[in-house]
Peer 1: 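Have a look at this one before I ask anything.
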Amino acid sequence: MIVPAAAFAASAGPVSFLSRDQVMPQYWLFKSEPDVFSIEDLRDSPGKTTSWEGVRNYQARNFLRDQIKRGDGVLFYHSNAKPMIIAGSASVAKSGYPDHFAFQQDHKYFDPKSDPANPAWYMVDIRLRQVFSNPVTRDQLADDPDCAQMMLLQRGSRLSIQPVTETEWLAVHRLAGLKP
DNA sequence: GCCAACGTTGGC
DNA sequence: GCCAACGTTGGC
C-alpha cells in the first residue's frame, strides 16, 4: 500500500520524519571551572576531545540525552574564575550516551540511582574548535545587546549546560574577533 | 569568604 | 504530597 507523503507526515506528527541532525545545528554553553578542567586542558587532550561526564542535574541531563547532537556548537565558559570568560568553542563529537562513571562504585561520580539497564545520567563528547585569543568576558557579554539576555547572565542561573541562540553564538564570535 | 538561589532529601 | 533542612553552585 502506498501512503501519500502528506498523509504520512500528518500521522508522524509535527516533527515529521526528518532526523534531528538533518534539521539545524544547535548551540550550547558548557560551564567548567578552569581549576578543574580548562580550555587548555581540552586543547591538550588526545584528539583535542574529551567526554563531558559528571553532570548531575536533570534539566542538563535532558539536554545531553535528548537534544545535544554531533556537530552542534559549544561555547566553553570558565566559571568560578578570574576573569570569567568564554574561553573558546568546541563541537559536539558524540551525541548523548550513558555516563558510565555513574556505574563505578569507587568513582567520584558514582550514583546508585543509575545502572546500565536504566541509566540516570548521560554525557557527550566535545572536540576543541577554537581557543579564543581574545576571550569574551562576562562583562562584555552583559554590555552587548545581542548577549545581554543569555541564560548565563540571568540571576541565579546555575544550569551547567545551557542552550544558546544562533544570534548569541554569532555575537560571541564577533566579540572574540573571530568567524564561527 | 559571603550568601542568594537553587535542587535534592527525607521526615511526616 | 508538603516543606524544612541541607548541600551545592557560582557571582560578588
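Chain identifiers are assigned alphabetically (A, B, ...) following the order of the sequence lines, protein sequences preceding nucleic acid strands; residue numbering begins at 1 within each chain. Fair warning: this is a prediction, and the values are worked out from it, not measured in the lab.
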Peer 1: Using a 4.0 Å heavy-atom cut-off across all strands, classify Lys82(A) as base, sugar-phosphate, or nothing.
Peer 2: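 No contact.
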Peer 1: Quiz question: by atom type and distance under 3.5 Å, do the side chains of Asp41(A) and Ser38(A) form a donor-acceptor pair?
Peer 2: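 Result is yes, a qualifying pair exists.
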Peer 1: Kindly say whether Gln149(A) contributes a backbone atom to a donor-acceptor pair with the side chain of Gln154(A) at under 3.5 angstrom?
Peer 2: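 Yes, because the side chain of Gln154(A) sits within donor-acceptor range (under 3.5 Å) of the backbone of Gln149(A).
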Peer 1: Select from Lys113(A) and Gly156(A) the residue whose nearest nucleotide in DNA chain B is closer to the 5' end of that strand.
Peer 2: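 Result: Gly156(A).
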Peer 1: Give the C-alpha distance, both sets of side-chain angles, the deciding distance and a yes or no for salt bridge (Lys or Arg N to Asp or Glu O under 4.0 Å) between Arg56(A) and Asp99(A).
Peer 2: CA-CA 10 Å; Arg56(A) 297 290 180 267; Asp99(A) 182 343; 2.9 Å; yes
Peer 1: Answer yes or no: is there a donor N or O on one side and an acceptor on the other, between the side chain of Asp72(A) and the main chain of Lys69(A), under 3.5 Å?
Peer 2: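 Side chain of Asp72(A) to backbone of Lys69(A), a donor-acceptor pair under 3.5 Å: yes, one is there.
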Peer 1: For nucleotides 2-12 of chain C, give me one character per nucleotide, 5' to 3': B if any protein heavy atom sits under 4.0 Å from the base, S if the only such contacts are to the sugar-phosphate, - if neither.
Peer 2: -----BBBBBS
Peer 1: Would you check if the side chain of Ser157(A) reaches a backbone N or O of Leu153(A) as a donor-acceptor pair within less than 3.5 Å?
Peer 2: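 No, Ser157(A) side chain to Leu153(A) backbone: no donor-acceptor pair under 3.5 Å.
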